[in-house]
Amino acid sequence: MITVTLPDGTALQLADDATGLDAATAIGPGLAKAALAAKVNGEIRDLARVLPDKAALEIVTQKSGDDYLYVLRHTAAHVLAEAVESLFPDAKFGFGPPIDDGFYYDFELSRPLSEEDFPAIESAMRTIIKARVGMDRSVLSIDEARAFFAARDQGYKVDQVEFLGDRGETHVSLYQQNDFVDLCQGPHLHDTGRIGAFKLLSVAGAYWRGENTNTMLTRLYATAFANQADLDAYLARVELAKARDHRRLGRDLELFHFDDAGPGFPFFLPKGMVIVNQIQTALRGELERLGYQEIRTPMILSEDLWKSSGHWDHYRENMYFTQVDEQGFAVKPMNCPGAALVFRSRRRSYRELPLRLAEFGHVHRHELSGVLHGLFRVRSFTQDDAHIFCRLDQIHDEVRSVLDFIDRFYARFGFDQVQTKLSTRPEKAAGTDEMWERAEAALAQALEGREYEIKEGDGAFYGPKIDFQVTDSMGRSWQLGTCQLDFSMPEAFDLRYVSESDADERPVMIHRAILGSIERFLGILIEDTGGDFPFWLSPEQARVLPVSDRHRDYAHTVRDRLRAEGLRVDCDERTESIGRRIRDGELHKVPYLLIVGDREVEGQAASVRGRHGEEIGAIPTAEIAETLLGRDAQHGASTN
RNA sequence: GCCGAAGUAGCUCAGUUGGCCAGAGCAGCCGCCUUGUAAGCGGCAGGUCAGGGGUUCGAAUCCCCUCUUCGGCUCCA
C-alpha cells in the first residue's frame, strides 16, 4: 500500500501500483470522469502513471485553473497529427507543442495546405476524439527510439532523438493513440475523448527548428478547450482584438497612413500627429523635471562613424546607405553615436556629470519585408531616447531616476503594472570582469524594493540592462522601456572627462528609452483603448453640434470660447440631421458632443453628451472647459 | 528574405465554367429638407480591375515576372 495526500490534507491509501486514475476513481466516479491529469508533487503527469508513495496529489480537472489546458492541447496536437497522417500517409512530422492560446504542429507534406483542407482534417480529428482512444505511454532507449523512427522514415523525429541523446538523455518517452506514435515528453490526457472543443485556426510556413537554412515545414495552428463555451469565448476575444486592430482604427480615425511608395514608413495624419505631440509634450515635461537637456543629431552621418561605432560590423544588414560627393554615408539606425559626438564636441569636466542628453531620434532600419506590421514593426520610427554620461558611482542614482520616470509616465496611460527584467552578462562580453560586477551590482541595487525577474546572460555585449513591460487592457504584454549600461561606446569614441584630480577619465554611457518607439506605442495605445483615447490625448476633445442653421453663430461662440480655454474643439455644422451628426461624432470617438439649440442659446449653455451616449446634461458655456477637464481628472488621467 | 494567401472606386465587397459599355453600399461633391441625442431625401462624379509581359477572335477572370498587403517563420519531443 502507498499513501498520497490530497489538496485538502486528507490521506488516501492506495495499492502499490495505483495510478492517478485509480486515485480519482477511489475518490469518486464523477471525478474519475472529469479527471484530465494528475498533479504529483506539483508536476503535471498522465493519469495512467503509477503514483509514488507519500506524494502530494491533486486531480486536475477543468475547474483547477489553466494547468489542464497545456495537457489538453498537447493531446489535441497528437490528434491533429494522426488526422493529418490519415489524409497524407507520407507526411513527415516536426514539432507539435502547446502554445499560449492553443497549439500547432509542423508537417512536411506532398502539397501545400490551405484553409480549404481544414474541414477534412477537423472531421478526421472529431472521429478520433469521439472514439475516446487511450494515450499509451512507453519508454525506449535513445538507440531504440532512433531505430524506431528511422524505420518509419521520420527524419525530424530521428533528428530530435539524436538531439536529446546529445543532451545527455538516455531514454525518451513515446505516446501512441491508434496506430499513431509520437516522440513526446507528455503528459497527456488519459484518452482523446477528454478534448472538449477544438478548432483549426490558420496555416503558415515555419522552418525546422526555426532556422532559416532548414527546410520550410507547413505549420497548422489550432486551439482547444475543455468545452465549447470556453472555445467560443476565446474566439470572441480574438474577434474583439481584430476589431481593435490599430491598422484599421488608424485608418478609420485618420491617424496615420501607409503608402506603397514607402513600405513600412508611416505617414502621420493631422489627428495622429496631435496624439504624438501630446505624448512628446508630456515627455518633455518629465525631461525638464529630471534634468535632461534635449538635442538633435543628424539623420545621415559618414560611413566612417558607423565603422568606429561597430554598427558597420554588427548592424549593416539593417542600415540604409547613400553616396554624397563620392563619400559614403549611412542613415542612422540608432542615436547613440550622435550623442557620443555631442559629448565629445568639447572638453568635458566631471562637474558636468551626469550629463543627460535626450533626443526624439528619428531612426531608419531596414527590416525584412515579411516582418512589417502596421505601427508595431516599421522601418522608420522615433525613439524617445536619451544617453546619460556619468561616473560608475553615479549609475545607481541615474537608474533610480529612470525607474521613477518609467513608473510616473506609464501610469499616465493607465499602465500601472510594470514588469521589470534585469539582464546580466552574456557569454561574449566586452569590458573587464570588475566593470561588469560593479555595473550589475549597481543595477540590482537600484532595483531594490522592486519586484523583478533576472534574465541570466541576456544582456547586451556592451553592458547589462533593465527592460520594462506593461500589460494592456486585453491582457497582452508589451516591452516598452529599456535602460542599458554601455562601457563599449565610450571606449570606441574615446570619450573622456577631466576628473577632480585633473586626470582623463572614461565616462559610462547609459542608453535609456521610456516608450521605446513612439510609433509602436501609439499602436499599442490604439489597441489598448480601442480608439477611446483619454481626454488629454484625443485629437478632437469636443465637437459642437448646432441643431439647425440658426444656431450656428452660437455654436461658433461656444467653440471659440473653448478653444481660447485651450481645448481642441471643432464644429459640425453640416446640413445633416442632428441624429446623423451625433452618430458621426461617436464613430470618430470624440469624447464630448456639445449640442446647442434654442434651449441652449436661451440658457447660454450646451447640452453635453459623452462618446458612449452618456447624458451629462446642460452645462453653462462658461463652465464647460472646467467641467470636462474635471471629469478627465476624475478618470485618473493627468493633463499637462 | 522564406512559406502560404490575397490585391476590383477613398473604405467594405459583388462580378457564375474567359464573352454585351465592370456593379453595389458607405464615404465624397451638388441640390432639397432646417433638423433635439447613433444613419432625412434626390442627383452627380469616381476604376489602365496593383504594375508589366504573354495565351486567346476576345482577359478582372488563364500563364509568367515584379510590387504591395495579410497570416506565419521564439515559445525547443
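Per chain, numbering begins at 1; letters A, B, ... match sequence-line order.
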Which value, rounded to the nearest 0.5 Å, describes the distance between A:K271 atom NZ and A:E254 atom CD? 5.0 Å

For the pair A:T75 (side chain) and A:L189 (backbone), establish whether a donor and an acceptor sit closer than 3.5 Å, ignoring hydrogens and angles. yes

Considering only nitrogen or oxygen atoms on both sides, find all protein atoms under 3.5 Å from nucleotides 4-11 of chain B and state each distance.
unit_1, atom_1, unit_2, atom_2, d
B:C11, O3', A:R251, NH2, 3.3

How is A:E600 classified with respect to the nucleic acid when contacts are heavy atoms under 4.0 Å: base, sugar-phosphate, or nothing? base

Taking the side chain of A:I582 as its heavy atoms from C-beta onward, which of B:A38, B:G36, B:U69 lies nearest to it? B:A38

Which listed nucleotide (B:G36, B:C73, B:C70) is nearest to the side chain of A:R247? B:C70

Report the residues that fulfil salt bridge (Lys or Arg N to Asp or Glu O under 4.0 Å) with A:R377, sequence neighbours left out, ordered by chain and then residue number. A:E367

My understanding is that only residues two or more places apart in sequence, or in another chain, count here; which of them pass side-chain contact (heavy atoms from CB on, under 4.5 Å) with A:P97? A:F95, A:Y104

Does A:H373 have a side-chain nitrogen or oxygen under 4.0 Å from the phosphate oxygens OP1 or OP2 of B:G72? no

Atom CZ of A:R209 and atom P of B:C75 are separated, to the nearest Å, by 10 Å

What does A:Y104 touch in the nucleic acid at a heavy-atom separation under 4.0 angstrom: a base, only the sugar-phosphate, or nothing? sugar-phosphate

Confirm from the modelled atom types if A:E317 and B:G1 form a donor-acceptor pair under 3.5 Å, side chain to base only. no

Would you mind listing every salt bridge (Lys or Arg N to Asp or Glu O under 4.0 Å) that reaches into residues 163-177 of chain A, with sequence neighbours excluded? A:R167-A:E169

Give me the distance, rounded to whole Å, that separates B:G72 from B:C65 when you measure between the C1' atoms they each carry. 25 Å

Members of residues 157-166 of chain A that approach RNA chain B, where some heavy atom sits under 4.0 Å away: A:Q160, A:L164

Any strand, both distances under 3.5 Å, Watson-Crick or G-U wobble: B:G23 pairs with B:C13

Does A:A224 offer a backbone N or O that forms a donor-acceptor pair with the side chain of A:R73 under 3.5 Å? yes

Would you call A:K242 and A:D245 a salt bridge, using N to O less than 4.0 angstrom? no

Taking the C1' atom in each of B:U16 and B:G52, what is the distance between them to the nearest angstrom? 29 Å

So, do A:Y70 and A:Y68 have ring centers that fall under 6.0 Å from each other? no

Here the distance between atom C1' of B:A50 and atom CG of A:D259, to the nearest Å, is 12 Å

C1' atom, B:C41 versus B:G53: distance in rounded Å? 49 Å

Base, sugar-phosphate or nothing for A:Y207? Non-hydrogen atoms, less than 4.0 Å. base

I'd like the P distance from B:G7 over to B:U74, given in whole Å. 28 Å

How close or far is atom C1' of B:G36 from atom CG of A:L593, stated in whole angstroms? 13 Å

For nucleotides 25-35 of chain B, give me one character per nucleotide, 5' to 3': B if any protein heavy atom sits under 4.0 Å from the base, S if the only such contacts are to the sugar-phosphate, - if neither. --S-----BBB

What's the CZ-P distance between A:F103 and B:C76, to the nearest Å? 14 Å

Is the CG atom of A:D553 crowded by more than 12 outside heavy atoms at less than 6.0 Å? no

Among A:F180, A:F149, A:F88, find the residue that satisfies the ring pair (Phe, Tyr, Trp, His ring centres under 6.0 Å) test when tested with A:F93. A:F180

Is there a residue in residues 604-612 of chain A whose heavy atoms reach under 4.0 Å of RNA chain B, and which residues are they? A:S607, A:R609

According to side-chain contact (heavy atoms from CB on, under 4.5 Å), who are the partners of A:E456, at least two apart in sequence or on a separate chain? A:T424, A:I454

Taking salt bridge (Lys or Arg N to Asp or Glu O under 4.0 Å) as the test, write out the residues that go with A:D136, two or more places apart. none

For the C1' atoms, the ones on B:A39 and on B:G58, what distance do you get once it is rounded to whole angstrom? 44 Å

Nucleotide opposite B:A5 in a Watson-Crick or G-U pair, distances under 3.5 Å: B:U69

For atom CZ of A:R377 and atom P of B:U69, their distance in whole Å: 14 Å

side-chain contact (heavy atoms from CB on, under 4.5 Å) involving A:R476 - partner list, sequence neighbours excluded: A:D472, A:M474, A:W478, A:E527

Walk me through whether A:R219 and A:D106 qualify under salt bridge (charged side-chain N to carboxylate O under 4.0 Å, His left out). CA-CA 4 Å; A:R219 174 171 296 181; A:D106 290 340; 2.7 Å; yes

Is there a Watson-Crick or G-U wobble partner for B:G46 with both distances under 3.5 Å, and if so, which one is it? none

For A:D584, enumerate each residue passing the salt bridge (Lys or Arg N to Asp or Glu O under 4.0 Å) test, keeping only those at least two apart in sequence or located in another chain. A:R574, A:R580

Taking the P atom in each of B:C11 and B:C75, what is the distance between them to the nearest angstrom? 37 Å

Now, which nucleotide makes the Watson-Crick or G-U wobble pair with B:G58, with each of the two distances under 3.5 Å? none

Rounded to the nearest Å, what distance is computed from the CZ atom of residue A:F118 to the C1' atom of nucleotide B:G71? 10 Å

Can you sort out the partners of A:Y207 under side-chain contact (heavy atoms from CB on, under 4.5 Å), two or more places apart, ordered by chain and number? A:N212, A:M216

Does the ring center of A:H74 lie less than 6.0 Å from the ring center of A:F103? no

Note: for A:P98 and A:A206 on RNA chain B, the residue whose nearest nucleotide lies more 5' is A:A206

Name the residue closer to the 5' end of RNA chain B, choosing between A:G262 and A:G96 according to the nucleotide with the nearest heavy atom. A:G262

Write down the partner of B:G40 under the Watson-Crick or G-U wobble criteria, each distance required to be under 3.5 Å. B:C32

Taking the minimum atom-to-atom distance to the side chain of A:R583, which one of B:C75, B:G36, B:A38 wins? B:A38

Quickly work out the A:R73 CZ to B:C75 P distance and round it to whole Å. 17 Å

Please report the distance separating the P of B:U69 from the corresponding atom of B:C26, rounded so that it comes out in whole Å. 30 Å

Whole-angstrom distance between B:G15 and B:U56, as gauged at atom P: 28 Å

Is any side-chain N or O of A:S202 closer than 4.0 Å to OP1 or OP2 of B:G72? no

Counting just side-chain N and O atoms, does A:Y221 come under 4.0 Å of either OP1 or OP2 of B:C73? yes

Rounded to whole Å, how long is the line connecting atom OH of A:Y554 with atom P of B:G36? 19 Å

